[in-house]
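Structure first, commentary second.
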Amino acid sequence: WMLRDLVALLCIGIALAPAFKMRFWNIGAEGQVLMGGFATAICMMYLGGKLPTPLLFLTMFLTSVIAGAVWSFIPAFFKANWNTNETLFTLMMNYVAIQLVSYYTNIWRGQASSLGTINMGTKIGWFPKMFGHDFTLNIIIVAVLTVLVYVYLKYTKHGYEISVVGESERTARYVGIKVDKVIIRTMILSGALCALMGFVMTSGIDHTLTTTIVDSRGFTAVMVSWMSKFNPFIMIAASLLLVTMDRGAGEISTAFSLNQSFADILTGIILFFIIATEFFITYKVTLRKSSKKEA
């Protein structure tokens, strides 16, 4: 269960890393993951039993990734062409995604806030068990993704262009990098990877779709990505830290008969002090004595 929560948070953090390294503040992971899960749920409901299992999984994967890519392309396009504020744009896209899922959930299931367990009897579209566990395939997918994104950012031309654009757009333009193209391409990748987690959540973890399926991991993953300096391997430790803190704070709340809000407050305080240390790492305070000039 710990690994299940770890890979969910880690995958979203890794998905945000390319955009953040480019200094494109993608706060829309919540919506991009949700759109991936939305596309997956549609395939499970309408194509389950009509396609062979391998083709069904391929269709679910492709539709979810395309949905996330399209969802992230919209703010990237506006940023590249009209220099809109990507933070507000991607944040607002979250609410559009939530209401879109809520609208179709109400159509499909009346006033229910959830689709319920999709294909509960047949388990069509569910990830298969591997080595006797439900979440083994999830772990394998995210482990492979971690290595691939690290190689992409560290050793490829695209990764180099992302770094240059993140350091200085003027420098990037001066050396001949097409900044607008890099912005759009990187955001499409970021949104597609976020949607991949939506595919994993719907098919491999929850087997349902709700407006709260992401459970604020899209915002928590911002912390994971930022604290790790956009290094996918360091994100493993950062994700483990946050998952462990959340679990530990929950146990403390239970032991002392407190509600879950206390656990969130405690986790928030710890994160606040972790972030505060960045100031002392980045800046150095020096005191200089003023010397009087001799006449």
Side-chain angles (χ1 to χ4, degrees), residues 1-15 29-71 97-98 100-110 112-148 191-218 221 239 243 247:
W1 286 85
M2 183 198 69
L3 290 175
R4 181 204 66 177
D5 294 339
L6 172 65
V7 297
L9 186 58
L10 175 61
C11 183
I12 303 174
I14 290 172
E30 199 87 2
Q32 291 154 21
V33 174
L34 193 58
M35 292 307 295
F38 181 52
T40 302
I42 292 174
C43 292
M44 291 175 69
M45 289 189 299
Y46 290 104
L47 299 179
K50 299 179 181 179
L51 294 176
T53 299
L55 185 57
L56 175 62
F57 275 109
L58 178 61
T59 305
M60 290 159 56
F61 168 75
L62 291 177
T63 53
S64 63
V65 167
I66 291 172
V70 170
W71 207 249
I98 290 171
L100 187 64
V101 170
S102 178
Y103 174 76
Y104 280 100
T105 300
N106 287 335
I107 289 177
W108 290 327
R109 292 296 173 94
S113 59
S114 167
L115 292 179
T117 304
I118 304 174
N119 300 337
M120 182 170 58
T122 60
K123 295 187 178 181
I124 296 175
W126 291 26
F127 277 12
K129 284 188 176 184
M130 295 183 67
F131 308 110
H133 296 283
D134 291 326
F135 310 122
T136 304
L137 186 56
N138 305 8
I139 297 169
I140 293 173
I141 291 173
V142 177
V144 172
L145 183 65
T146 303
V147 175
L148 292 178
L193 294 181
C194 282
L196 175 63
M197 193 63 240
F199 164 58
V200 173
M201 283 182 176
T202 303
S203 181
I205 298 178
D206 297 307
H207 309 123
T208 187
L209 180 69
T210 68
T211 55
T212 58
I213 191 174
V214 192
D215 195 25
S216 298
R217 292 186 182 97
S239 300
V243 168
R247 183 69 177 178

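As the structure is a computational prediction, the values presented were derived from the model and not from experiment.
- For the residue pair Thr210 and Leu34, the shortest heavy atom distance occurs at O-CD1, 3.4 Å.
- The two residues Ala221 and Gly13 have their closest heavy-atom pair at CB-N, 3.6 Å.
- Using a 4.5 Å heavy-atom cutoff, the side chains of Leu47 and Met60 are not in contact.
- Among Val101, Ile205, Val33, Asp206, the single residue meeting the side chain to side chain contact (heavy atoms under 4.5 Å, CB included) criterion with Ile213 is Asp206.
- Across all non-hydrogen atoms, the minimal contact from Cys11 to Met197 is CB-SD, 3.3 Å.
- Applying the salt bridge (Lys or Arg N to Asp or Glu O under 4.0 Å) test to pairs two or more places apart or on separate chains, those with a residue in residues 124-133 are Lys129-Asp134.
- Considering every non-hydrogen atom in both Gly191 and Gln32, the closest pair reads CA-OE1, 3.6 Å.
- The closest donor-acceptor contact from the side chain of Trp126 to the backbone of Ile118 lies under 3.5 Å.
- With values rounded to the nearest 0.5 angstrom, Leu196 atom CG is found 10.5 Å from Ile12 atom CD1.
- Using a 4.5 Å cut-off on side-chain heavy atoms (C-beta onward), Thr202 and Phe38 make no contact.
- We find the CG-CE distance between Leu56 and Met44 to be 8.0 Å, quoted to the nearest 0.5 Å.
- Pairs engaging residues 36-60 under the side chain to side chain donor-acceptor pair (under 3.5 Å) rule: Tyr46-Trp108 [sequence neighbours left out].
- With a 4.5 Å cut-off on side-chain heavy atoms, Phe127 and Phe135 do not count as touching.
- Side-chain atoms of Thr211 never come within 3.5 Å of backbone atoms of Ile98 as a donor-acceptor pair (strictly under, hydrogens ignored).
- Of the possible polar contacts, none joining the Ser203 side chain to the Phe199 backbone as a donor-acceptor pair under 3.5 Å is found.
- The line from CD1 of Ile14 to SG of Cys194 is 11.0 Å long, rounded to the nearest 0.5 Å.
- When atom types are taken as modelled, the side chain of Thr208 and the backbone of Gly116 share a donor-acceptor pair closer than 3.5 angstrom.
- Within a 6.0 Å radius of CZ in Arg247, no more than 12 heavy atoms belonging to other residues, nucleotides or ligands are found.
- The minimum heavy-atom distance linking Ala67 with Ala39 is given by the pair CB-CB, 4.0 Å.
- Considering CE of Met45 and CD1 of Ile124, their distance stands at 13.5 Å, rounded to 0.5 Å.
- Every side chain to side chain contact (heavy atoms under 4.5 Å, CB included) that Val65 has, sequence neighbours left out, goes to Phe61, Ala192.
- Counting heavy atoms from C-beta on, the side chains of Met120 and His207 never come closer than 4.5 Å.
- Asp215 is linked by a side chain to side chain contact (heavy atoms under 4.5 Å, CB included) to Arg217, counting only residues two or more places apart in sequence or in another chain.
- Not counting sequence neighbours, Ala195 has no partner by the side chain to side chain contact (heavy atoms under 4.5 Å, CB included) test.
- Taking both residues in full, the closest heavy atoms of Gly218 and Glu30 are given as N-OE1, 2.9 Å, listed atom of the first, atom of the second, then distance.
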Side-chain atoms of residues 137-146: list all donor-acceptor pairs with protein atoms under 3.5 Å, sequence neighbours left out, distances to 0.1 Å.
from   : atom 1 : to     : atom 2 : distance (Å)
Thr146 : OG1    : Val142 : O      : 2.8

